[in-house]
Amino acid sequence: MIDPPNSDHELTLPDGSTRLVPAGTLPRDVVASIGAGLLRAAIAVEVDGQVQDLITPLRRGGTFRVLTEKDPKALDVLRHSAAHLLATAVRRLRPRAKIGFGPAIDEGFYYDFEVEEPFTPDDLAQFEAEMRKAAQEKFPFVRAEVNRAQAEKLFVDDPLKLERLAELGDDEVISVYTDGPFVDLCRGPHVPDTSRIKHFKLMHTASAYWRGDEHRQQLQRIYGTAWFSTAELDAYLHRLEEAKRRDHRTLGKELDLYSVDQRVGAGLILWHPRGAVIRNEIETFERDLILRHGYELVYTPHVMSERLFEISGHLENFRESMFGAMEVEGAAYRPKPMNCPGHICIYQAHQRSYRDLPIRYAEFGTVYRYERSGVLHGMLRVRGFTQDDAHVFCTPEQVDVEVGRLLDLVDEMLRVFGYPYTVELSTRPANAMGSPEVWAAAERALARVLAQRAQAYDIDAGGGAFYGPKLDFKLIDAIGRKWQGPTVQLDFNLPERFGLEYIGADNAPHRPVMLHRVLVGSMERFVGGLIEHYAGAFPLWLAPEQLRVIPITDELREPAASIAARAKAGGLRMSLDDRAQTLNYRIAEAERLKTPYMAIIGKREAVAGTVALREHRLGREQKPQVIPVDELIDRLTREVQTRALPGTLAGAGQRDAAD
RNA sequence: GCUGACGUAGCUCAACUGGCAGAGCACCUGAUUUGUAAUCAGGCGGUUGCGAGUUCGAUUCUCGCCGUCAGCUCCA
């Protein structure tokens with residue numbers, strides 16, 4: 001609540017007590033009146049849900065809460081101040097550097113500078129040392145509110161700041177913050193002084209467009225991270241290491257899953273046999289799943305006449321990201337960027353009755369999109385990929401049921417891979433087509449279905465596509481990162497453009513609703529994500545090689561070969577390693593490939609009809625498990641059939657840290 | 001696409017300011033017959049991403065192209 005100027009503000013403290021303070025009181029004074037210890041610990045305060053620092057005069061009343069280091073919201077304040085500290089250091093060492101923006105971001109902060117020469121890693125080390133010095137100097141962050149003329153004078157040498165200043169409305173408070181030698185046009189909030197910024201590190205430098213506009217100049221951006229404790233900083237750096245260790249590009253090479261080849265072209269994936277096994281298992285699993293869920297499989301061509309994409313509108317909206325046209329007998333053809341037009345044509349191959357609906361067409365459809373060279377990234381961002389695409393054509397009345405079925409399908413699918421997920425409902429954007437009534441009805445339908453199954457969700461207001469609202473599923477991987485997952489989109493546009501119809505019970509034509517949906521999205525991106533999710537140690541059903549049979553000596557080749565043959569007959573993917581190498585060497589190699597199981601055959605096992613089983617996931621400290629061959633095959637076969645996740649096996653030990 | 005860095009054997013990486021391109025692993029051959037994460041020896045392997053230029057001489061310097069990486073921008 002914004003109180004009239006000059007009146008008193010009523011503050012409600014967390015314990016329910018209230019205080020009346022004059023407008024313009026500094027939060028610092030309020031906090032001090034609560035306790036001196038609290039003032040020492042205070043980073044900032046939250047008033048009526050707004051974070052502000054201790055030296056910004058109170059302009060409103062409401063709930064009043066002191067933020068200490070324990071509060072996640074204080075972290076943003078720290079990081080924003082760290083950005084100022086960075087600018088302080090840079091300005092000391094590079095007085096001519098012009099300053100841009102320096103906000104807090106997810107795991108740290110950055111500051112943009114306009115300089116003649118790009119920064120080098122050496123520069124970064126110097127800046128960081130200078131930051132530590134400035135932190136020790138314990139400069140207080142001092143806030144001042146100035147008028148426009150004063151501000152223009154302060155930033156006369158900083159054109160980027162002047163540009164920002166010019167955008168501020170006349171009714172807005174212009175505040176500047178000073179820490180020691182550095183002054184910045186800034187809304188705040190900030191920590192009390194620079195000595196609060198202790199646990200930080202400059203990460204890397206990169207360039208960024210001013211205001212994020214690729215037509216404006218590029219600035220030099222320095223990224224850093226800052227935390228309230230060494231432990232948190234170390235944990236963050238450790239998370240980065242962990243992410244690097246799981247990088248699908250490195251593991252993809254080490255595990256021989258895929259490659260790209262300059263001669264083939266950037267962003268085009270070559271699936272090696274071991275990677276193809278994973279993809280094929282996923283496709284087979286999903287194919288069975290969707291057939292059970294009432295889908296029909298279709299196939300459509302990879303190259304289609306450009307006229308089709310004129311009808312669909314893709315050409316007009318996405319020409320820049322489509323592969324170029326090729327001319328065939330005077331007509332232009334293009335690699336398809338989407339599968340929908342093909343599925344629509346199949347729908348339109350017959351006249352449809354309401355009795356036929358819903359119709360659900362599914363295809364593992366390979367599409368090609370021109371992505372700018374700078375955005376390509378391993379398997380995650382490519383120019384050719386296979387979508388597990390499907391389109392549901394239904395009556396408006398069937399939308400609820402169909403969306404419900406999709407939620408079931410998504411849940412069944414994601415559980416198998418061990419991904420928790422969140423759901424986001426994206427609603428009508430400004431440039432939406434179709435009537436607001438239809439949109440509202442569709443959004444209500446989506447929300448209703450989510451509510452029916454008590455599925456929690458966030459709303460991304462205005463985040464829908466112009467042609468319809470959508471549900472986005474975000475996967476959470478093994479180290480807590482979010483990935484784009486399944487999407488379900490309602491489409492009011494394509495049925496209109498293509499003139500889709502069905503004959504209703506009233507014997508009149510009606511327009512069906514179209515649902516687009518993908519589960520994994522793209523096989524390339526999904527498998528890339530799985531590599532990182534599992535850190536290359538796939539669950540048995542996906543493992544390229546499930547079992548490696550290793551006889552200890554040459555004399556045991558025969559019994560080992562017969563065990564291998566039995567495993568193969570049992571449907572397991574296995575190999576026999578009877579090379580004249582030491583046992584240790586062969587185990588090391590199988591471990592390097594993260595082979596889930598090794599069956600080692602010595603004299604004792606050959607005589608007893610057993611194997612000494614070694615499990616990759618148990619790591620270095622493990623005792624071989626001596627079990628009968630039948631049991632081995634039963635156990636592994638069952639593990640494959642149940643698609644057991646690593647760590648969910650009966651009697652499974654802790655996963656090895658060196659996984 | 002833009003900015004910066006980079007591209008050397010299948011992989012990971014060396015080679016001071018321009019002066020005969022090297023190592024480990026992998027691979028091949030031979031020896032070793034191994035009890036749970038790399039046995040020993042020998043050998044093969046390169047138009048230094050591609051193409052121009054400067055130079056007596058280019059992995060090294062310059063330009064163009066291709067690709068990779070970190071960001072930015074973009075992602076139906």
Side-chain angles (χ1 to χ4, degrees), chain A residues 110 112 117-121 203-223 247 249-250 253-254 256 259-267 309 312-322 337-341 367 369-378 380-383 387 465-468 470 484 487 489 491 493-494 516 521-522 525 550-557 578-593 595 598-605 612-616 618-626 656 658:
Chain A
Y110 67 77
D112 285 342
E117 290 293 312
F119 299 127
T120 65
M203 304 302 289
H204 54 258
T205 165
S207 75
Y209 297 105
W210 168 235
R211 312 304 296 263
D213 181 345
E214 64 179 311
H215 303 295
R216 306 287 304 265
Q217 70 265 46
Q218 287 202 312
L219 308 178
Q220 290 299 309
R221 175 172 296 179
I222 297 176
Y223 283 93
D247 193 309
R249 292 165 300 182
T250 313
K253 203 178 278 179
E254 275 175 24
D256 195 19
S259 61
V260 286
D261 188 314
Q262 286 194 31
R263 294 169 301 178
V264 175
F309 302 119
S312 71
H314 288 114
L315 206 52
E316 141 191 19
N317 288 312
F318 302 108
R319 180 184 292 274
E320 278 71 44
S321 42
M322 287 174 69
M338 294 210 90
N339 300 303
C340 358
V367 298
R369 299 177 187 179
Y370 163 69
E371 300 279 7
R372 301 210 276 180
S373 54
V375 306
L376 300 174
H377 183 87
L380 301 183
R381 189 81 183 267
V382 292
R383 287 180 174 159
Q387 293 181 307
F466 73 90
Y467 53 76
K470 61 176 180 172
Q484 172 66 47
T487 66
Q489 304 194 339
D491 186 350
N493 178 43
L494 289 179
H516 305 250
S522 117
R525 194 187 56 203
I550 307 177
I552 292 178
T553 69
D554 279 357
E555 287 88 72
L556 298 164
R557 276 183 166 163
D578 59 1
R579 289 176 298 176
Q581 285 286 2
T582 60
L583 178 61
N584 278 344
Y585 177 90
R586 287 175 290 166
I587 287 174
E589 184 181 280
E591 287 288 352
R592 190 162 38 75
L593 291 169
T595 314
M598 282 156 253
I600 294 158
I601 321 293
K603 279 204 185 87
R604 294 196 294 270
E605 288 78 17
L613 187 65
R614 184 187 167 90
E615 292 188 52
H616 170 75
L618 297 182
R620 283 179 185 269
E621 307 297 325
Q622 65 173 293
K623 283 230 172 69
Q625 310 157 54
V626 179
D656 176 33

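Every heavy atom of this structure was used, including side-chain atoms; hydrogens, water molecules and symmetry mates were not. The chains referred to below are lettered A, B, ... by the order of the sequence lines, with proteins before strands, and numbering in each begins at 1.
A:G212 comes within contact range of the sugar-phosphate backbone alone, with a heavy-atom separation under 4.0 Å but no base atom that close. As judged by a 4.0 angstrom heavy-atom cut-off over every strand, A:R221 is placed among residues touching the sugar-phosphate backbone only. Counting any heavy atom pair closer than 4.0 Å across all strands shown, A:F466 reaches no nucleic acid atom. Among the heavy atoms of the strands lying under 4.0 Å from A:R381 is at least one base atom, whether or not backbone atoms are also near. Contacts of A:T120 with the nucleic acid, taken as non-hydrogen atoms under 4.0 Å apart, are absent. A:D554 comes within 4.0 angstrom of a base, heavy atoms only. The residue A:L376 sits close only to the backbone: its heavy atoms come under 4.0 Å of sugar-phosphate atoms, none of a base. Contacts of A:H204 with the nucleic acid, taken as non-hydrogen atoms under 4.0 Å apart, involve only primed sugar atoms and P, OP1 or OP2. Across all strands shown, A:E621 has no heavy atoms under 4.0 Å from either base or sugar-phosphate atoms. Among the heavy atoms of the strands, none lies under 4.0 Å from A:H516. Contact annotation for A:A612: base contact, defined as any heavy-atom pair under 4.0 Å involving a base atom.
With sequence neighbours excluded, the residues that form a salt bridge (Lys or Arg N to Asp or Glu O under 4.0 Å) with A:D261 are A:R263. For A:T205, there are no side chain to side chain donor-acceptor pair (under 3.5 Å) partners two or more places apart in sequence or in a different chain. A:F318 meets the ring-ring contact (aromatic ring centres under 6.0 Å, His included) test with no other residue; sequence neighbours excluded. The side-chain contact (heavy atoms from CB on, under 4.5 Å) check on A:R372 picks up A:E214, A:Y370, with sequence neighbours excluded. With sequence neighbours left out, A:Y110 forms a ring-ring contact (aromatic ring centres under 6.0 Å, His included) with A:Y223. For A:D256, there are no salt bridge (Lys or Arg N to Asp or Glu O under 4.0 Å) partners, not counting sequence neighbours. Scored by the side chain to side chain donor-acceptor pair (under 3.5 Å) test, A:E591 finds A:R614, A:H616 as partners (sequence neighbours excluded). Every residue meeting the salt bridge (Lys or Arg N to Asp or Glu O under 4.0 Å) condition with A:D578, not counting sequence neighbours, appears here in chain and number order: A:R557. Residues forming a salt bridge (Lys or Arg N to Asp or Glu O under 4.0 Å) with A:R369 (at least two apart in sequence, or on another chain): none.
With P as the reference atom, B:U68 and B:G30 are 41 Å apart, rounded to whole Å. Between B:A21 and B:G49, the distance separating the two P atoms is 14 Å to the nearest Å. Rounded to the nearest Å, the gap between the P atom of B:G46 and that of B:G57 is 25 Å. On the C1' atoms, B:U39 is 7 Å away from B:U32, given to the nearest whole Å. Nucleotides B:C11 and B:G53, compared at atom P, are 30 Å apart to the nearest Å. Look at the C1' atom in both B:A9 and B:G22: the space between them is 10 Å, to the nearest Å. Of the P atoms belonging to B:C44 and B:C63, the separation is 39 Å, rounded to the nearest Å. Taking the C1' atoms as reference points, B:C2 lies 8 Å from B:U73, given to the whole Å.
Between A:H314 and A:F309, the ring planes lie perpendicular to each other; the angle is over 60°, past the 30° to 60° tilted range.
One cannot find a donor-acceptor pair under 3.5 Å joining the base of B:C72 and the side-chain atoms of A:E214. A donor N or O paired with an acceptor N or O is not found under 3.5 Å between the base of B:A37 and the side-chain atoms of A:R592.
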Using atom names, set out every protein N or O paired with an N or O of nucleotides 43-45 of chain B below 3.5 Å, distance rounded to 0.1 Å.
none

Can you give me the N/O atom pairs linking the protein to nucleotides 4-13 of chain B at distances under 3.5 Å, or say none if there are none?
residue: B:U12; atom: OP1; partner: A:K253; partner atom: NZ; Å: 3.2

- Note on the structure: Symbol by symbol from the 5' end, with Watson-Crick or G-U pairs under 3.5 Å, [ ] crossing and | another strand, RNA chain B is (((((((..((((.....[..)))).(((((.......))))).....(((((..]....))))))))))))....

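Put simply, A:T582 has a side-chain N or O that comes within less than 4.0 Å of OP1 or OP2 on B:U39.
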